[in-house]
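Reviewing the structure listed below.
For reference, positions follow the sequence shown, starting with 1. Just the heavy atoms: all of them, side chains too, but no hydrogens, waters or symmetry mates, feed the values below.
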Amino acid sequence: MACLLACSISAQSAVFLPEGEPVEIAPNSYGNKSIRMVMNAANEPVIAFGSSGHLYVTKWDEEADAFGTPLEIDAASNVFMSDAEGPRMASQGDYVVLTYQLAGEWDNGARSVHSTDGGVTWSEPVAMVSGVTENHFMPCVGIDGDGNPFAGVKVGNNVATIYEGILRSEDGGESWLPAVNASDLADGNAMCECCPSLPFYAEDRYYDLVRNNNSNIRDFWLMSSPDGITWDAALDVDPLDWMLSSCPASGPTVTGPLGDANYLVAFMSAGGISGQSRVHVSQVDLGADGGAGAWMLTEPVTVSQFDNATQNVPMLAQWDGGNEPLVALAWEQNSGGYDIQLALSQGEEFMLTDIAQNLTEAWGGQHRRPEIGFSTGDDGEPLLHIAWQHSTSGTVHYLKGTIGEPSIMVCQEAPEPHIISEPDGIRIYLTEGWQHARWTVWDLSGRLLADGVHNGSESIWVPGNNLPSHAIVSIQQPSGARWAQAVKR
């Protein structure tokens with residue numbers, strides 16, 4: 001199994017090497033709902049989690065080489081805890097902000113707390129909304145260029161007209177301004193009523209990723225604003241157009257830039273040919289159209305690696321401490337049991353398809369809802385931190401590890417294939433080590449366009465009369481070694 005795994009990731013630029021076994025961050029009496037994780041200025045993971053009505057925060061203690069005793073947030077209140085719709089957290093250096101909702105108080109129950117010492121001590125709860133008579137639900141938080149938090153909330157009592165409201169603070173979370181409508185320019189009349197949004201600040205502009213509801217088409221839109229007040233742009237970053245009459249309760253994740261102003265957006269969708277819940281990655285150029293951005297491509301993280309699996313809860317993280325950006329994408333996957341999958345890519349030309357590494361198959365139980373973050377180790381090299389929900393034990397598990405070169409694990413020496421996109425097709429060059437390998441060409445929604453078995457010829461010609469502008473070439477040896485690459489024509 002280890003050899004097949006090594007071969008299947010040999011086309012990656014990096015591989016995760018865990019340091020030891022996973023640890024439980026706290027006993028199961030604290031619960032394991034609504035896991036969120038950020039990194040503080042000291043490269044320490046800060047984790048929020050809890051049980052019904054109770055929200056806790058714990059921070060890694062370097063001296064104790066363990067997580068500290070969890071601190072309960074707003075212990076006097078009944079905090080609404082939900083894996084998809086529960087509390088959210090963001091950090092910038094040692095400033096950490098945590099937002100949540102009080103159960104049953106859907107109009108004025110949004111709250112925030114913040115820490116200025118990296119998660120050691122926390123402020124008293126701050127009411128984010130007051131004096132309103134319609135729901136302001138599920139505050140999801142980001143931090144702007146001035147170090148002030150801003151949050152997206154679902155505003156409205158009618159699911160047919162719910163909009164995305166943005167709340168801003170101008171004093172570090174001590175108070176909040178009234179919500180402004182951020183989603184008016186998106187198609188349709190409503191936002192997805194219980195899908196978490198993702199506010200973030202990039203390229204000197206405010207952004208908010210939101211799942212739309214346009215007559216039950218549930219896809220992701222990128223809203224943006226120059227000042228957080230006037231939201232003057234909306235970009236469809238999800239071309240799959242998933243038609244669903246209920247709320248998927250699943251949100252997006254983002255990382256970047258990968259050179260210039262290119263960013264990656266990952267999300268779950270059951271649109272496309274497979275009809276299964278699968279993770280997809282879109283690339284957007286935030287430098288285009290005055291900061292409104294331009295959609296570039298969308299591709300799945302699975303084309304041929306998993307035949308029958310459902311995927312959800314993608315999480316992106318990026319390390320910029322080297323010569324090239326290092327991107328990690330983790331998600332939960334159910335293939336007869338839940339495990340955490342991880343794909344790693346290094347360089348501006350990202351590749352995250354069909355290279356997943358199963359992080360948890362060696363340990364029993366159900367492993368769900370990952371959170372990830374990078375730090376820099378004492379040797380200047382990246383460390384990847386992963387926390388997830390261990391459903392069987394009712395605890396949060398945590399694991400960290402280094403990033404290694406795949407060459408130390410490769411069990412075959414066939415050089416990587418070489419692909420040339422020509423005006424009238426695609427030419428695939430395979431060396432002798434790939435003899436009898438099966439090759440396939442897919443579109444971005446998972447539709448098989450062409451396939452065959454390499455017969456030893458110098459190259460494989462795939463005519464372009466039915467090839468889209470973006471495709472994925474996947475090649476698998478009889479031994480199980482797999483290689484894949486996105487192709488732009």
Side-chain angles (χ1 to χ4, degrees), residues 1-2 4-5 8-9 12 15-38 45-51 56 58 60 66-67 70 81-87 89 196 248-251 253 266-268 276-279 301-302 305-317 328-344 352 354-374 383-403:
M1 178 63 186
L4 288 179
L5 173 64
S8 70
I9 62 175
Q12 272 187 287
V15 62
F16 177 74
L17 304 173
E19 293 184 353
E21 301 278 313
V23 299
E24 295 180 351
I25 70 168
N28 61 11
S29 58
Y30 288 94
N32 65 357
K33 286 186 176 182
S34 304
I35 302 170
R36 315 291 179 229
M37 183 175 72
V38 297
V46 181
I47 301 179
F49 66 106
S51 58
Y56 302 96
T58 184
W60 180 260
F67 283 94
M81 298 296 290
S82 162
D83 288 325
E85 304 157 14
M89 189 159 53
S250 177
T253 180
F267 53 89
M268 179 275 284
Q276 287 184 298
S277 298
R278 294 290 175 94
V279 172
V301 299
T302 290
Q305 187 175 11
F306 304 110
D307 294 330
N308 185 24
T310 58
Q311 302 165 342
N312 203 352
V313 200
M315 289 293 160
L316 282 163
L329 172 64
W331 66 92
E332 70 171 36
Q333 180 163 300
N334 186 355
S335 303
Y338 281 97
D339 277 302
I340 306 300
Q341 303 286 340
L342 175 71
L344 293 164
L352 296 167
D354 279 348
I355 55 172
Q357 180 181 355
N358 191 329
L359 298 186
T360 55
E361 64 179 340
W363 301 294
Q366 303 293 313
H367 310 269
R368 305 193 63 182
R369 302 190 172 278
E371 289 279 327
I372 60 175
F374 275 110
L383 283 172
L384 182 62
H385 305 257
I386 306 168
W388 69 90
Q389 185 184 78
H390 190 252
S391 300
T392 311
S393 68
T395 61
V396 178
H397 278 197
Y398 166 81
L399 180 68
K400 69 178 178 179
T402 58
I403 307 300

Which heavy-atom pair separates [X] from [Y] by the least distance, and what is that distance?
X    : Y    : answer
A356 : Q341 : CB-OE1, 3.6 Å
S51  : M81  : O-CG, 3.1 Å
A266 : L329 : CB-CD1, 3.9 Å
S34  : D83  : N-OD1, 3.0 Å
G365 : T392 : CA-OG1, 3.0 Å
A317 : G373 : CB-CA, 4.2 Å

Are the side chains of [X] and [Y] in touch, meaning some heavy atoms are under 4.5 Å apart?
X    : Y    : result
V396 : F67  : no
K33  : S82  : no
N308 : Q276 : yes
E371 : I47  : no
E19  : L383 : yes
F306 : Q311 : yes
T253 : P314 : yes

Quick one: do V313 and W331 satisfy side-chain contact (heavy atoms from CB on, under 4.5 Å)? Show the steps, please.
-> CA-CA 5 Å; V313 200; W331 66 92; 5.9 Å; no
Scan side-chain atoms only and decide if [X] and [Y] contain a donor-acceptor pair under the 3.5 Å cut-off.
X    : Y    : value
D339 : T360 : yes
W363 : E21  : yes
N334 : Q366 : no

Any sub-3.5 Å donor-acceptor pair from E332's side-chain atoms to R369's backbone N or O?
-> yes
Please round to the nearest 0.5 Å and tell me the distance separating atom [atom1] of [X] and atom [atom2] of [Y].
X    : Y    : atom1 : atom2 : value
M268 : T310 : CE    : OG1   : 9.0 Å
R368 : W388 : CZ    : CH2   : 15.0 Å
S29  : Y56  : OG    : OH    : 7.0 Å
I386 : M315 : CD1   : CE    : 12.5 Å
I372 : L316 : CD1   : CG    : 6.5 Å
N32  : S391 : CG    : OG    : 6.0 Å

Which word best sums up how the rings of H397 and H390 line up, parallel for under 30°, tilted for 30 to 60°, or perpendicular for over 60°?
-> parallel
Just do the side-chain contact (heavy atoms from CB on, under 4.5 Å) check on V279 and T302 with the steps written out, would you?
-> CA-CA 8 Å; V279 172; T302 290; over 6 Å; no
side-chain contact (heavy atoms from CB on, under 4.5 Å) between Y398 and V23, worked out = CA-CA 5 Å; Y398 166 81; V23 299; 3.9 Å; yes
Apply the test side-chain contact (heavy atoms from CB on, under 4.5 Å) to residues T58 and Y30: give CA-CA distance (whole Å), side-chain angles for both, the deciding distance (0.1 Å), then the verdict.
-> CA-CA 11 Å; T58 184; Y30 288 94; over 6 Å; no
